[in-house]
Number of protein chains: 2
Amino acid sequence: MAEHLLRCDSCAVRHRAVCGALERDEVARLSAIAHHKLLPPGQVILHDNAEMHYFANIVSGVVKLTKTLADGRQQIVGLQFASDFLGRPFRANSPYHAETVTDVHLCTYDKGQFERLVKEIEGFEHRLFQNTLDELDSAREWMLLLGRKSAGEKVASFLLMVARRMESIGCKVSDDPERPRFNLPLSRAEIADFLGLTIETVSRQISRMKVDKIIALEGTRTISILDMQRLMAAMEQERD
Amino acid sequence: MAEHLLRCDSCAVRHRAVCGALERDEVARLSAIAHHKLLPPGQVILHDNAEMHYFANIVSGVVKLTKTLADGRQQIVGLQFASDFLGRPFRANSPYHAETVTDVHLCTYDKGQFERLVKEIEGFEHRLFQNTLDELDSAREWMLLLGRKSAGEKVASFLLMVARRMESIGCKVSDDPERPRFNLPLSRAEIADFLGLTIETVSRQISRMKVDKIIALEGTRTISILDMQRLMAAMEQERD
DNA sequence: TATTCACCTTGATCCGGCTCAAATGCCTTG
DNA sequence: CAAGGCATTTGAGCCGGATCAAGGTGAATA
């Protein structure tokens, strides 16, 4: 656990991610109890059902939430990006496992202190609640994907989701909105675990999209979307 | 829409399902704004992305939440039983479709009045928040099932989930905890949509469990679990 | 430059669950 | 009780994605 602990002094901008509706002095109160942690890839943040001792904002990097069956089959049940919140207010533990996917910069808060602030600051819990509703929406969106989409549709949906997320946190490599270019944060194995597929199937679908000139690869992690129209068509839209 | 509207006068017990931590007089305030609705099976409660005009407690019956792809493939993303809450506080609309599965008795609240009460009553929003965290946990549990479990494991998990839910709301038919007996609220088609399978596969798995003497059927909807041990083994446990 | 090792791709084969088709309940209505 | 109509079961065959098995690639180390 080679974690660096730094004083949090100047990340108020990031704190707004959790508490956008809060007043300036309330953000300051949050900053006052925050510490920073820098974690390498593959670091376990939270063991299955273990007690959680802190909350955190992701300042940069990607965290995966996973669930695993007794025989080792694994499913990624959530992906958290910069500005996402990590932790379950007023719950002792969580029924899943959280692990860094890339280098991750966390802004952490002691559980007790944080929960006290949540109670004291008007509208704070409301905001966390709305965050959780968003997470629930994404989870259900992903249930539709897992239950009903083909391998090709799954991979297309995944690439679009990552492109959108990377765009929104300013991690895109290119500037052309019609031809996004970005670094995949996940390995093929992790993509497979997210989509309910095998590594081989993911690889084959990506290769096919490359042959079809829908995407281009540089190395294995940098992806350019060449034909947004066809990528979106490959995803199969929702009705209504 | 053959809906019956009744005055809600004596369902304070049910209201506690939403607001268990509330004081007696606060429950009374909730009762004061409540109306009852009786809906037949197959009734749409909420269209995809439509605006929602009310909140509701389910007093009895089962409601399914579904998402559908453009070509008609459907996935059930949530099942709500008696005492569950329906609606998204402070959200205008929902990205899914809600429909009755059985006869459903709803205790409904006008959106505006309800949200006013949520703001006024100390701890009410907190409780709704915790409910939503539970829903998020179930959704993620189901993602593991959809992405990584085999057909047999899916059906076993489903039967156990329904048995547990029916038990907890007092809808069991038999009293032997080792040999639960209950009426399946869902058709084979709905089970398939819940598990990401086809009708035929669901039917075959159920038939196999019948042959294996793990369960017994009376008609097509009444199920007895004969061998809880083997049913739980068939489900494949989670690690940790 | 060579070596290693982890990750990724590609090929060949297999199989679980899907599709298509038909038969069998089971409830409803006359 | 018969007839009709839906839900469910059962069968036969197929196919998408899994599995098994080599290769290829690229970054880190020697």
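Lettering follows sequence order; numbering is per chain, from 1.
Comparing R204(A) and G219(A) against DNA chain D, the residue whose closest nucleotide sits nearer the 5' end is R204(A). Residues K210(B) and R148(B) both approach DNA chain D. Their nearest nucleotides, taken by heavy-atom distance, put K210(B) toward the 5′ side. Residues T201(B) and A189(A) each lie close to DNA chain C; by heavy-atom proximity, the contact nearer the 5' end of the strand is made by A189(A).
Following rounding to the nearest Å, Q205(A) (CD) and dC8(C) (P) show an atom-to-atom distance of 16 Å. Rounded to an integer number of Å, the gap from CD1 of I206(B) to P of dG17(C) is 15 Å. Rounded to whole Å, the distance from CD1 on I223(B) to C1' on dT9(D) is 14 Å.
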Salt bridge (Lys or Arg N to Asp or Glu O under 4.0 Å) between R188(A) and D193(A), worked out: CA-CA 9 Å; R188(A) 299 291 185 269; D193(A) 282 346; over 6 Å; no
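Within 4.0 Å of L197(A), counting heavy atoms only, lie sugar-phosphate atoms of the nucleic acid but no base atom. In this structure, R221(A) reaches the sugar-phosphate backbone alone: every heavy-atom distance under 4.0 Å involves primed, P, OP1 or OP2 atoms, never a base. When heavy atoms are screened at a 4.0 angstrom cut-off, G152(B) is found touching no nucleic acid atom at all.
Between R148(B) and E153(B) no salt bridge is recorded (no basic side-chain N to carboxylate O distance below 4.0 Å).
Between T198(A) and the phosphate of dA18(D), there is a side-chain N or O to OP1/OP2 separation shorter than 4.0 Å. Considering only side-chain N and O atoms, S207(B) lies under 4.0 angstrom from the phosphate OP1 or OP2 of dT10(D).
Two residues are said to be in side-chain contact when any heavy atoms from C-beta on lie closer than 4.5 Å; L186(A) and L79(A) meet this criterion.
The 12-atom threshold is not exceeded at CZ of R208(B), counting heavy atoms of other residues, nucleotides or ligands nearer than 6.0 Å.
You won't find any donor-acceptor pair under 3.5 Å spanning the side chain of E190(A) and the base of dC7(C), going by distance alone.
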